[in-house]
Amino acid sequence: MNTEDLIDDLAGRLDPIPPLWMERRLAGLTLIGLLLSVALMLAWLGVRPDIAAASLTGMFWMKFAYTLGLGAAGAWAVLALGRPGGNGTRAFSMATAVVAVLAGIALVRYISAPAEARHHLMMGHSSMICPQYIATISLPVLGATLWALRGMAPTRPALAGAAAGLMAGGVGAFVYAFFCNENAAPFVAIWYTVGVAISGLVGAVLGRLTLRW
């Protein structure tokens, strides 16, 4: 059998992928990771006691919109990079835009605040632990997303892992927001973003190691 006949024979054995197979695989495994992240957060940190009153403020919902935006951009990037030759450029551009919008809001809030309040707007009372908590709570989702990618065909493993980390970081930050009582836009723009970036970096390293063909 010559090479062309072998290729034709192998191609003839391939079964077509069902419609939206990648999306269903990612959604199913992400749901498992999300449930594990929620369980971890509840067992470790709990929910902020004033969440009912906090939910009446716009800044409370701003955190959730921001983290969901990053998580959605990450999911888009994962699906793009899970295909051979995918680059995820538009998805990463969306993430950059989400960060830029919040950074703009944070800058306006910082400039308009009294000088004596500006340091607290940036640092709050949990800046030294916030990124670590987000990165830790993101780990179950990161593991699930990398597992989903292993069933796909990424050709850029480090970048695909970074996309998984971005998605996991956004989801993990969303879950963490139910505990965190920091609502200042400058704080969220800095420290939530750092936490998501840590998750992205961890994802890139793990992706390079686990997503090679």
Side-chain angles (χ1 to χ4, degrees), residues 26-75 78 95 98-107 109-110 113 117-148 162-203 206:
L26 180 62
L29 288 170
T30 299
L31 178 60
I32 295 173
L34 172 61
L35 293 175
L36 291 174
S37 288
V38 170
L40 173 61
M41 188 272 292
L42 291 176
W44 181 25
L45 302 173
V47 176
R48 59 185 292 182
D50 63 340
I51 192 168
S55 66
L56 301 177
T57 66
M59 294 306 297
F60 176 85
W61 295 106
M62 176 271 298
K63 291 194 297 185
F64 291 105
Y66 180 60
T67 55
L68 280 178
L70 293 179
V78 167
V98 171
V99 173
V101 168
L102 183 59
I105 295 172
L107 182 60
R109 296 291 175 89
Y110 180 83
R118 291 175 178 174
H119 181 267
H120 183 72
L121 285 176
M122 289 194 302
M123 304 302 293
H125 56 79
S126 61
S127 58
M128 294 298 101
I129 60 173
C130 172
Q132 302 168 41
Y133 282 6
I134 288 173
T136 302
I137 293 171
S138 300
L139 288 175
V141 181
L142 177 57
T145 308
L146 289 172
W147 187 258
L166 171 61
M167 177 182 169
V171 174
F174 177 86
V175 173
Y176 174 71
F178 285 93
F179 162 78
C180 176
N181 59 6
E182 306 274 14
N183 291 326
F187 180 95
V188 175
I190 296 172
W191 302 110
Y192 272 55
T193 305
V194 170
V196 175
I198 293 172
S199 178
L201 180 60
V202 172
L206 293 178

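Computed from a prediction, not measured in an experiment: that's the story for all the values here.
- Residues Leu206 and Leu142 approach most closely at CD1-CD2, 4.2 Å, considering heavy atoms.
- Within 6.0 Å of the CZ atom in Arg109, the count of heavy atoms belonging to other residues, nucleotides or ligands does not exceed 12.
- Distance CD1/Ile198 to CD1/Ile134: 8.5 Å, rounded to 0.5 Å.
- The structure places CG of Leu40 at 7.5 Å from CG of Leu45, a figure rounded to the nearest 0.5 Å.
- Judged by distance alone, the side chain of Lys63 and the main-chain N or O of Cys180 form a donor-acceptor pair under 3.5 Å.
- With hydrogens and angles disregarded, no donor-acceptor distance shorter than 3.5 Å links the side chain of Trp191 to the backbone of Pro186.
- Atom NE2 of His125 has more than 12 neighbouring heavy atoms from other residues, nucleotides or ligands inside a 6.0 Å radius.
- Distance check, rounded to the nearest 0.5 Å: CD1 of Ile137 to CD of Gln132 gives 11.5 Å.
- In this structure, Val171 and Leu34 have side chains that are in contact, with non-hydrogen atoms separated by less than 4.5 Å.
- Shown here for Ala144 and Leu29, the closest heavy-atom pair between the two residues is CB-O, 3.1 Å.
- Considering every non-hydrogen atom in both Met59 and Asn183, the closest pair reads CE-O, 3.0 Å.
- Taking each heavy atom of Thr136 and Pro140 in turn, the nearest pair found is O-CD, 3.9 Å.
- Side-chain contact between Tyr66 and Val99 is present, with at least one heavy-atom pair separated by less than 4.5 Å.
- Leu121 and Tyr110 get closest at one heavy-atom pair: CD1-CA, 4.4 Å.
- For the residue pair Leu146 and Ala164, the shortest heavy atom distance occurs at CD2-CB, 4.0 Å.
- Proximity of the aromatic rings of Trp44 and Tyr133 is defined here by a centroid distance below 6.0 angstrom, and this criterion is met.
- In this structure, CG in Asp50 is found 9.0 Å from CZ in Phe60, a value given to the nearest 0.5 Å.
- Judged by distance alone, with hydrogens and angles left aside, the side-chain atoms of Ser37 form no donor-acceptor pair with the main-chain N or O of Ser138 at under 3.5 Å.
- Classification of the Phe187-Tyr192 ring pair by plane angle, with boundaries at 30° and 60°, yields perpendicular.
- A donor-acceptor pair under 3.5 Å links the side-chain atoms of Glu182 to the main chain of Ser126, judged by distance alone.
- Remark: Phe174 engages Phe64, Phe178 in a ring-ring contact (aromatic ring centres under 6.0 Å, His included) (not counting sequence neighbours).
- Thr145 is listed as a side-chain neighbour of Leu26, based on a closest heavy-atom distance under 4.5 Å.
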